[in-house]
Amino acid sequence: MIKIAVLVSGSGSNLQALIDANLSGQIVGVISNKPDAFALQRAEKAKIATAVIEHKQYPSREAFDDVMHQQLLDWDVDLVILAGFMRILSAKFVKAWEGKMINIHPSLLPNYKGMHTHQRVLNTGDVFHGCTVHYVTAELDAGQALAQGVLKVNVHDHAESLADRVHVLEHVIYPQVAEWICNGTIQHTVDGVLYRNQPMQAPVQFCKF
Ligand code: GAR
């Protein structure tokens, strides 16, 4: 059975969706860089091991990442799921977990990498918005996209309403992709990413409109 660690910084609603999905893999631990993250309470309620590794207590990004790396090795983790983990990871850490680490980002990548995605979508006047699950590579928000949830922006939408609507999609696509990795539907190989044993050409789309 695939052993999963989830890295969080905040509320952890995506962690909750992963817990509730009863994946065929096992969530063996949750790491937070923030001691007051509500996600930690969710993990404890689900009887999942937690580790608080505060980035502020380490002299460099690399030193912080080394401690996380060791925790993941101690838990014998096969898959790392970033779920609202708001730290940029060092190239060394990303390399160590390449092909074994996924992230969810609140935009239709490659559009709107980085922060404040909902407001930026509104500022541009885009018709479509959503979220993307992707493998993590050293370049921020740039690894191969595995799935996207797509919604239509309403005239009445503001940044908060978009964030709420994107969250609903996130809670569908993230557990789905995690399960696909757990059961081998998605495979990261030396020849690239396979989906149902075929090279993955484009992310699987989930539309809500
Ligand atoms: C999610 O919307 C996720 O897409 C975003 O943080 C939120 C976490 O919510 N992640 C990023 O912006 C990463 N760049 P949650 O704590 O309720 O799961």
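In each ligand, atom 1 is the first atom listed, and ligand 1 is the first ligand listed.
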Looking only at protein heavy atoms, which one is nearest to [atom], and what is the separation?
atom: atom 10 (N) of ligand 1; answer: Ile104 O, 3.6 Å
atom: atom 7 (C) of ligand 1; answer: His167 NE2, 4.1 Å
atom: atom 17 (O) of ligand 1; answer: Ser13 OG, 2.5 Å
atom: atom 2 (O) of ligand 1; answer: Glu170 OE1, 2.9 Å
atom: atom 5 (C) of ligand 1; answer: Pro106 CD, 3.9 Å
atom: atom 14 (N) of ligand 1; answer: His105 ND1, 3.5 Å

> Can Cys131 be said to touch ligand 1, with heavy atoms closer than 4.0 Å?
Replying inline: no
> Measuring from the heavy atoms of Met86, does anything fall under 4.0 Å of ligand 1?
Replying inline: yes
Between [X] and [Y], do the side chains contain an N or O donor and an N or O acceptor separated by less than 3.5 Å?
X: Thr137; Y: Glu98; result: no
X: Arg42; Y: Ser11; result: yes
X: Gln119; Y: Asn123; result: yes

>> Please report the interatomic distance CD1(Ile104) to NE2(His171), rounded to the nearest 0.5 Å.
In response: 8.0 Å
>> Judged on heavy-atom distance to atom 8 (C) of ligand 1, which of Ala39, Gly84, Ala163 sits nearest?
In response: Gly84
> Which option, Ala17, Gly12, Ser107, Ser9, owns the non-hydrogen atom nearest atom 16 (O) of ligand 1?
Replying inline: Gly12
>> Test of understanding: clusters of I, L, V, M, F, W, Y form through side-chain heavy atoms closer than 4.5 Å, transitively. Do Trp180 and Leu169 belong to the same one?
In response: no
> Phe64 vs Tyr58 aromatic rings, parallel, tilted or perpendicular, using cut-offs 30° and 60°?
Replying inline: tilted
>> Please determine whether the number of non-hydrogen atoms from other residues, nucleotides or ligands lying under 6.0 Å from atom NZ of Lys113 exceeds 12.
In response: yes
